[in-house]
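Please read the structure below before turning to the comments.
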Amino acid sequence: MIDLKRRYVWWIIFLASLGPLATAFWRAFTGDLGADPGKELVEFLGITALVFLLITLSLTPLKMITKSAQVIRFRRMLGLYCFFYALLHVTGYLLFLANWADFLEDILKRPYITLGFLAFVVLTVLAFTSPKAMVRRLARNWKKLHRLIYIAAVLVIIHFLWQAKADITEPVVYGLITAVLLLFRLPVVQRVLR
Ligand code: HEM
């Protein structure tokens, strides 16, 4: 059994989480991004951000099932990776699919962009309040504030569904995974697993 408390485990997860970034660079460098590289890159970074969001959300259910809090020590790092990839997704959108001048108009006029933007604002607030000093300063309010991650997850799923053109299989699958992870937050489920 791997002892998750070991420092090297943290580093392995930290370095593995850079994998999608390395993949993006590699695909761009080798011309493996298809006919519309900008769009492909933005989609890849969006999915990566969502995957990190779901991994972060899965740590509490994992803690409840295994009755061990060890995985929680990776929560801040994985949550920050979600923000990092979301930031790259938005930057990619501004560089390749839109421009800074139209951004405000997009947020106001295209509902799926509005939702993505709201999710991004939430993730930004959570990232900036994640340092230990902020946890101490906000005390009990920190927990309340960080519950906004559930809202962010729902916003991202709707953003994903809304931008899908014909085939909605992928966003529906991600939506179901999100729903299952959120079910663990219900008091009745928490009571059963306690
Ligand atoms: C200001 C904020 C955001 C903007 C402007 C934005 C923009 C976009 C755009 C334009 C697309 C469609 C790309 C295309 O196929 O043409 C997209 C898709 C997507 N976005 Fe965002 N997004 C934002 C926030 C977020 C956030 C915070 C997340 C996740 C944490 C996210 C996750 C996704 C996902 C999963 C997709 C679907 C990718 C796919 O089709 O494979 N987005 N976003």
Side-chain angles (χ1 to χ4, degrees), residues 13 16-28 32-61 74-130 145-182 185:
I13 296 176
S17 301
L18 289 171
L21 183 65
T23 307
F25 271 115
W26 180 253
R27 289 182 63 192
D32 181 31
L33 285 169
D36 194 342
K39 182 175 152 70
E40 180 65 25
L41 197 63
V42 169
E43 287 179 355
F44 176 73
L45 293 166
I47 290 282
T48 306
L50 174 58
V51 168
F52 275 96
L53 184 60
L54 296 183
I55 296 175
T56 309
L57 276 179
S58 69
L59 298 182
T60 298
F74 308 116
R75 187 163 56 189
R76 180 146 48 109
M77 181 221 311
L78 293 165
L80 285 172
Y81 265 116
C82 165
F83 170 68
F84 172 64
Y85 283 110
L87 181 64
L88 293 181
H89 170 68
V90 178
T91 308
Y93 164 78
L94 289 170
L95 289 177
F96 307 120
L97 305 183
N99 60 58
W100 295 90
D102 295 338
F103 191 37
L104 190 64
E105 200 176 320
D106 273 357
I107 293 172
L108 296 174
K109 295 210 173 130
R110 299 168 75 185
Y112 86 91
I113 299 284
T114 314
L115 297 179
F117 176 74
L118 288 177
F120 185 65
V121 169
V122 170
L123 293 177
T124 307
V125 171
L126 300 189
F128 280 91
T129 54
S130 71
L145 182 69
H146 278 247
R147 285 203 187 113
L148 287 177
I149 191 157
Y150 311 141
I151 309 274
V154 174
L155 289 172
V156 171
I157 293 299
I158 305 174
H159 168 72
F160 192 176
L161 261 170
W162 214 323
Q163 64 80 49
K165 287 159 194 112
D167 188 0
I168 56 161
T169 315
E170 216 185 339
V172 166
V173 169
Y174 278 97
L176 287 174
I177 297 172
T178 307
V180 170
L181 292 175
L182 294 184
R185 266 65 189 188

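We count ligands from 1, going down the list as the structure has it; atoms in each ligand are counted the same way. Hydrogens, waters and symmetry mates are skipped; everything else that's a heavy atom, side chains included, is used. Just so it is clear, the structure is predicted and the values come from calculations on it, not from any experiment.
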Worksheet entry | Test item: Y85 side-chain N/O and L21 main-chain N/O as donor-acceptor pair under 3.5 Å | yes

Discussion item. Among all protein heavy atoms in this structure, tell me which lies nearest to atom 32 (C) of ligand 1, with the distance rounded to 0.1 Å.
Written reply: G46 O, 3.6 Å

Fill in: Nearest atoms (heavy-atom pairs only) where F44 meets A24
CE2-CB, 3.9 Å

Worksheet item: Starting from atom 36 (C) of ligand 1, which protein heavy atom do you reach first, and at what distance in Å?
Response: F160 CD2, 4.2 Å

Practice prompt. Would you check if F84 and S17 make a side-chain contact, meaning some heavy-atom pair closer than 4.5 Å?
Written response: no

Worksheet entry | Backbone N/O of L108 and side chain of T114: donor-acceptor pair under 3.5 Å | no

Worksheet item: Which atoms of ligand 1 are found less than 4.0 Å from any heavy atom of L123?
Response: 27 (C), 30 (C)

Fill in: Heavy atom of the protein closest to atom 41 (O) of ligand 1 (residue, atom name, distance)
I47 CG1, 3.5 Å

Worksheet item: What residue and heavy atom of the protein are closest to atom 24 (C) of ligand 1, and at what distance?
Response: G116 O, 3.4 Å

Worksheet item: Should Y112 be counted as touching ligand 1, given the test is an N or O pair under 3.5 Å?
Response: no

Worksheet entry | 4.0 Å heavy-atom contact, Y174 with ligand 1 | no

Worksheet item: Counting each atom of ligand 1 from 1 as listed, which ones have a heavy atom of K39 under 4.0 Å away?
Response: 14 (C), 15 (O), 16 (O)

Practice prompt. Would you check whether V90 reaches within less than 4.0 Å of ligand 1, judged by its heavy atoms?
Written response: yes

Worksheet item: Would one find an N or O of Y93, backbone or side chain, under 3.5 Å from an N or O of ligand 1?
Response: no

Worksheet item: Taking C-beta and beyond as the side chain, do T60 and L181 meet within less than 4.5 Å on heavy atoms?
Response: no

Response to the item:
shortest atom 40 (O) of ligand 1-to-protein heavy-atom contact is with Q163 NE2, 3.3 Å

Discussion item. What's the separation between atom CG in L94 and atom CG in N99, rounded to the nearest 0.5 Å?
Written reply: 8.5 Å

Discussion item. Exactly one of V156, L123, T48 should register a side-chain contact (heavy atoms from CB on, under 4.5 Å) with C82. Which one does?
Written reply: L123

Discussion item. Checking a contact table here: which protein heavy atom is nearest atom 1 (C) of ligand 1, and how many Å away?
Written reply: F117 CA, 3.5 Å

Practice prompt. Determine the minimum heavy-atom distance between A98 and D106, stating which atoms define it.
Written response: CB-OD2, 3.9 Å

Worksheet item: Given R110, E43, H89, which has its nearest heavy atom closest to atom 8 (C) of ligand 1?
Response: H89

Item to complete: Check each heavy atom of V156 against ligand 1 and say whether those closer than 4.0 Å belong to the side chain, the backbone, both or neither.
Response: side chain

Worksheet entry | Whether H159 and H89 hold their rings parallel, tilted or perpendicular, with breakpoints at 30° and 60° | perpendicular

Fill in: Over 12 non-hydrogen atoms of neighbours within 6.0 angstrom of CD1 in I168
no

Item to complete: Identify the two heavy atoms, one from T91 and one from L87, that lie closest to each other, and give their separation to 0.1 Å.
Response: OG1-O, 2.6 Å

Worksheet item: What atoms in ligand 1 come closer than 4.0 Å to a heavy atom of A49?
Response: 29 (C), 30 (C)

Discussion item. Just to be sure I read this right, does ligand 1 sit under 4.0 Å from the backbone of Y85, its side chain, both, or neither, counting only heavy atoms?
Written reply: neither

Worksheet entry | Within-cut-off N or O pair, E170 and ligand 1, under 3.5 Å | no

